[in-house]
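Below: the structure, in structure tokens.
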Amino acid sequence: MRIDAVTIFPEIFNVLDVSLLGKARESGLIDFTAHNLRDFTSDAHRTVDDSPYGGGAGMVMMAEPWALALESIRSSVATESTEDDDAAPAPVLIIPTPSGHVFNQKLARALAPEEHLVFACGRYEGIDERVYEWAAPRFRVLPVSLGDYVLNGGEVAVLAMIEAIGRLIPGVVGNPESLVEESHEDGLLEYPVYTKPSTWRELEVPEVLLSGNHGKIARFRRETQLRRTAKRRPELILDIDPASTNRKDRDLLWHAGFMIEDGRFVPKPESMAE
Ligand code: JAH
């Protein structure tokens, strides 16, 4: 996979030289380049921002450096595609912004088979909106949010996305089995894990995990997952298909505050509290 990032702080991406993703780059599985947006300015001060039309706080990133940077990335890949050729699809242009689509494991999986991802890292109040209009015929534009909080810029969000996507590329993560268990297919939070010693500072590993009874262990883990999810992420319980649960699951979820109505889980009304 080819990955480009456009940023005014290309050094932030030096961390990709280390660890897992660094290995994937050495082996050629991931070809990553960070581009300095200021290299696409033409004034002595290398200006990338200006005040917002209509007034308001802060500064806005100017359109022209973005167009030049993104054009240089597009023209560095083979040929520009025309209308009726069977050339490569347009690269995906991912823009981290708190107002984007939510980035989750499903979106990471959808992006992992792509040939070329381009990340546009904004700073200040954001990028001139016309850049998105300009980019739409040249890229598959995708504004994404990692969650409802504000960072100082898109760079740290891009590092997270590169790690989430990169580890799904075959050969990047050593053990594909650990990917299977982490696939989040059941929509529940993970069960807690323990390792040696079995007693640590007077704290015990749950006895069932030492029992060797694999049926009981699976049930213990399932119950911990359901209880944890109901407590920490109750909105995820609403997405569980009741057909994927057994009687014990449904009993546990009842006691955790959920019931089945019209074939789906819903919160139990306060009046039904036990
Ligand atoms: C902040 C440009 N959802 C995480 C996230 C992503 C991007 C930004 N903030 C939070 C951001 C300022 C300028 C992007």
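Whatever order the structure lists ligands and atoms in, that order sets their numbers, starting from 1. In what follows, every heavy atom counts, from backbone to side chain, and hydrogens, waters and symmetry copies are set aside. Here the structure is a predicted model, which means the values were calculated and not measured.
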- Task: From atom 5 (C) of ligand 1, work out which of V144, V156, I95, L151 has a heavy atom at the shortest distance.
- Result: L151
- Identity and distance of the protein heavy atom lying nearest atom 2 (C) of ligand 1: G122 O, 3.4 Å
- F103 near ligand 1, heavy-atom distance under 4.0 Å? no
- Residue and atom name of the nearest protein heavy atom (relative to atom 8 (C) of ligand 1), distance in Å to one decimal: P98 CD, 3.7 Å
- Query: From E125 CD over to M59 CE, what is the distance, rounded to the nearest 0.5 angstrom?
  - Reply: 10.5 Å
- Message: When you compare ligand 1 with S145, is there at least one nitrogen or oxygen pair between them that comes in under 3.5 angstrom?
- Response: yes
- Message: Please check if the number of heavy atoms outside N246 that lie under 6.0 Å from its CG is greater than 12.
- Response: yes
- Is it the side chain (CB and beyond), the backbone, both or neither of Y149 that lies under 4.0 Å from ligand 1, heavy atoms counted? both
- Shortest protein contact, atom 13 (C) of ligand 1 (heavy atom only): Y124 O, 3.5 Å
- E115 atom CD, over 12 foreign heavy atoms within 6.0 Å: no
- Quick one: pull up CZ in F139 and CH2 in W134 and give me the separation to the nearest 0.5 Å. 6.0 Å
- Heavy-atom contacts under 4.0 Å between D148 and ligand 1: side chain, backbone, both, or neither? neither
- Query: Counting only heavy atoms not in E11, do more than 12 fall under 6.0 Å of its CD?
  - Reply: yes
- Is the closest heavy atom of G147 to ligand 1 under 4.0 Å? yes
- For F32, does its backbone N or O pair with a side-chain atom of R25 as donor and acceptor, under 3.5 Å? yes
